[in-house]
Asker: 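First the structure, then my questions, so here it is.
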Amino acid sequence: MTSLYLSVNSDFMFLVMIGPPGAGKGTQAKRLAETLGLSHVSTGEIFRQNISRKTELGLRVKELLEDGTLVPDDLTIELVQDKIDQLVNGSGAIFDGFPRNLEQAKALDDMLLLHDKGVDLAPLINLSDSNIIERLTGRRTDKDTGKIYHLIYDPPPDNANVEQRSDDKRDTVLRRIEDYHQSTVPMLAYYDDRDLLCEIDGDNTIDQVTTALLEVIRGRVFA
Ligand code: AP5
């Protein structure tokens, strides 16, 4: 993994990380952002931060997130729109959990096009529905740093201040999986038709998935 880390140099790119809940989008997006010097934009994380700060946006989306229901497109797109100027002036970004349907994907393209930019690659981390439940029920997040752990696969240190996400209960997870199949899977063709989609097996170790992602990025974006 280390040699790959050293051989990928970021210039400017926009990546769209896609996958079912629990596939490892957040875990991998944080690693790639750090390695490639990109901004990490997780709409889910931004919503959760607003909920914990009790902002107006947080109060509007709290129940939706707790139920595992998608936030309406207009609110979500506005959230990204507010960040786009800052992102296009940096070295690029990894979007994690956005876009999540065709309408959001088209909105992102429109936003980027206004700045003569576009999506460079859309890695899709695949994970079977049966593995998703185990991943999400064992997930813990550090309240202070936001680092993601798993009780079995990536255990938190004893002194970590971890919590369980309120949408990681079994029933809520099942609803989120259904949403993924209904809303996100139909979006995949949008990226596949432009040869931007690349599938990664999420049922490997965290390091193996990172290596596979970096190989694909090196081969496709820097080729
Ligand atoms: P969001 O936060 O985006 O949740 P999600 O898409 O359901 O994805 P998760 O964060 O649950 O999983 P992940 O793929 O990031 O996996 P992770 O790396 O944590 O969205 C939450 C909510 O916000 C939505 O339900 C919706 O309400 C709203 N929302 C957000 N964006 C929206 C949008 N665009 N439109 C509308 N609404 C939106 O990994 C999971 C666990 O597995 C961890 O414990 C990790 O340690 C472990 N793990 C990871 N990789 C591996 C591995 N390879 N092997 C073993 N364990 C692993």
Side-chain angles (χ1 to χ4, degrees), residues 10-21 23 25-34 36-125 141 146 148 165 167 176 179-180 182-198 217 221:
S10 163
D11 180 11
F12 188 98
M13 67 176 127
F14 279 109
L15 304 179
V16 163
M17 192 76 88
I18 309 170
K25 302 182 295 298
T27 302
Q28 298 298 335
K30 281 180 206 287
R31 286 177 158 215
L32 294 184
E34 204 181 316
L36 302 173
L38 304 174
S39 299
H40 172 209
V41 182
S42 160
T43 39
E45 211 165 286
I46 298 170
F47 287 136
R48 283 187 290 279
Q49 283 164 0
N50 275 275
I51 291 170
S52 78
R53 292 204 308 267
K54 297 190 169 63
T55 65
E56 196 187 323
L57 173 66
L59 295 173
R60 285 177 77 180
V61 301
K62 185 171 187 295
E63 275 186 29
L64 296 173
L65 264 84
E66 280 171 0
D67 282 357
T69 307
L70 292 178
V71 174
D73 284 340
D74 55 346
L75 265 187
T76 310
I77 290 167
E78 196 183 316
L79 192 76
V80 176
Q81 177 74 63
D82 286 348
K83 296 193 170 296
I84 210 78
D85 286 345
Q86 181 197 330
L87 295 175
V88 293
N89 287 319
S91 53
I94 302 182
F95 291 99
D96 157 14
F98 179 91
R100 236 176 170 96
N101 59 33
L102 195 54
E103 181 160 358
Q104 293 183 9
K106 287 180 176 170
L108 177 62
D109 275 353
D110 290 345
M111 286 180 226
L112 293 176
L113 198 62
L114 282 177
H115 298 273
D116 287 326
K117 309 276 187 216
V119 171
D120 295 291
L121 200 66
L124 162 65
I125 305 181
T141 309
I148 302 164
R165 264 172 54 173
D167 57 348
R176 288 162 59 202
D179 266 343
Y180 174 75
Q182 271 183 10
S183 305
T184 310
V185 170
M187 177 190 81
L188 302 181
Y190 184 69
Y191 290 112
D192 200 20
D193 288 348
R194 287 183 286 159
D195 204 24
L196 294 176
L197 194 74
C198 55
I217 294 166
V221 179

Asker: For side chain to side chain contact (heavy atoms under 4.5 Å, CB included), just list the numbers for Asp96 and Glu45, CA-CA rounded to whole Å, side-chain angles, deciding distance to a tenth of an Å, and then say yes or no.
Answerer: CA-CA 9 Å; Asp96 157 14; Glu45 211 165 286; 5.5 Å; no

Asker: With sequence neighbours excluded, tell me which residues meet side-chain contact (heavy atoms from CB on, under 4.5 Å) with Thr76.
Answerer: Thr43, Phe47, Val71, Phe98, Gln104

Asker: Rounded to the nearest 0.5 Å, how far apart are CG of Asp74 and CD of Glu103?
Answerer: 8.5 Å

Asker: For the backbone of Leu70 and the side chain of Arg100, can you confirm whether one donor and one acceptor N or O come within less than 3.5 Å of each other?
Answerer: no

Asker: Calculate, to the nearest 0.5 Å, the distance between atoms CD1 and CG belonging to Ile77 and Leu108 respectively.
Answerer: 9.5 Å

Asker: Can you confirm whether Tyr190 sits close enough to Val119 that some side-chain heavy atom of one is under 4.5 Å from a side-chain heavy atom of the other?
Answerer: no

Asker: Would you say that Asn50 contacts Ile46 through its side chain, given a criterion of any heavy-atom pair below 4.5 Å between the two side chains?
Answerer: yes

Asker: Please find the pair of heavy atoms, one from Leu75 and one from Leu57, that lie closest to each other, and give the distance.
Answerer: CD2-CD1, 4.0 Å

Asker: From Ile94 CD1 over to Leu121 CG, what is the distance, rounded to the nearest 0.5 angstrom?
Answerer: 10.5 Å

Asker: Check side-chain contact (heavy atoms from CB on, under 4.5 Å) between Ala23 and all other residues, then give those that pass, not counting sequence neighbours.
Answerer: Pro20, Ile125, Leu127

Asker: Answer yes or no: are there more than 12 heavy-atom neighbours, outside Glu34 itself, under 6.0 Å from its atom CD?
Answerer: no

Asker: Could you walk me through whether Val80 and Lys83 pass the side chain to side chain contact (heavy atoms under 4.5 Å, CB included) check?
Answerer: CA-CA 5 Å; Val80 176; Lys83 296 193 170 296; 5.6 Å; no

Asker: Test of understanding: with side-chain contact (heavy atoms from CB on, under 4.5 Å), list the residues that count as partners of Leu124, not counting sequence neighbours.
Answerer: Ile18, Asn126, Tyr180, Leu188, Leu197, Glu199

Asker: Is there a side chain to side chain contact (heavy atoms under 4.5 Å, CB included) between Asp116 and Val88 once you walk through the steps?
Answerer: CA-CA 9 Å; Asp116 287 326; Val88 293; over 6 Å; no

Asker: Could you pull out the closest heavy-atom pair between Asp179 and Gly68, with the gap in Å?
Answerer: OD2-O, 3.4 Å

Asker: Quick check for you: to the nearest 0.5 Å, what is the distance between Ile217 atom CD1 and Met13 atom CE?
Answerer: 5.5 Å

Asker: Rounded to the nearest 0.5 Å, how far apart are OG1 of Thr27 and NZ of Lys25?
Answerer: 9.5 Å

Asker: Can you give me the closest heavy-atom contact between Leu64 and Pro72, atom names plus distance?
Answerer: CD1-CD, 3.7 Å

Asker: Give, for atom CD of Gln28 and atom NE2 of His40, the distance between the pair rounded to the nearest 0.5 Å.
Answerer: 11.0 Å

Asker: Which heavy-atom pair separates Pro99 from Ala105 by the least distance, and what is that distance?
Answerer: CB-N, 3.3 Å

Asker: Using side chain to side chain contact (heavy atoms under 4.5 Å, CB included), reason through Met17 and Leu32 one step at a time and then give a plain yes or no.
Answerer: CA-CA 11 Å; Met17 192 76 88; Leu32 294 184; 3.8 Å; yes

Asker: For atom CZ of Arg165, is the number of surrounding heavy atoms from other residues, nucleotides or ligands below 6.0 Å larger than 12?
Answerer: yes

Asker: On a heavy-atom basis, which atom in Leu112 and which in Gly118 lie closest, and how many Å separate them?
Answerer: CD1-C, 3.8 Å

Asker: Could you tell me which non-hydrogen atom of Pro21 sits nearest to which non-hydrogen atom of Arg176, and how far apart they are?
Answerer: CB-NH2, 3.6 Å

Asker: Output yes when a side-chain donor or acceptor of Asp120 lies under 3.5 Å from a complementary backbone atom of Phe14, and no otherwise.
Answerer: yes

Asker: Are His115 and Asp85 side-chain neighbours, meaning at least one heavy-atom pair lies under 4.5 Å?
Answerer: yes

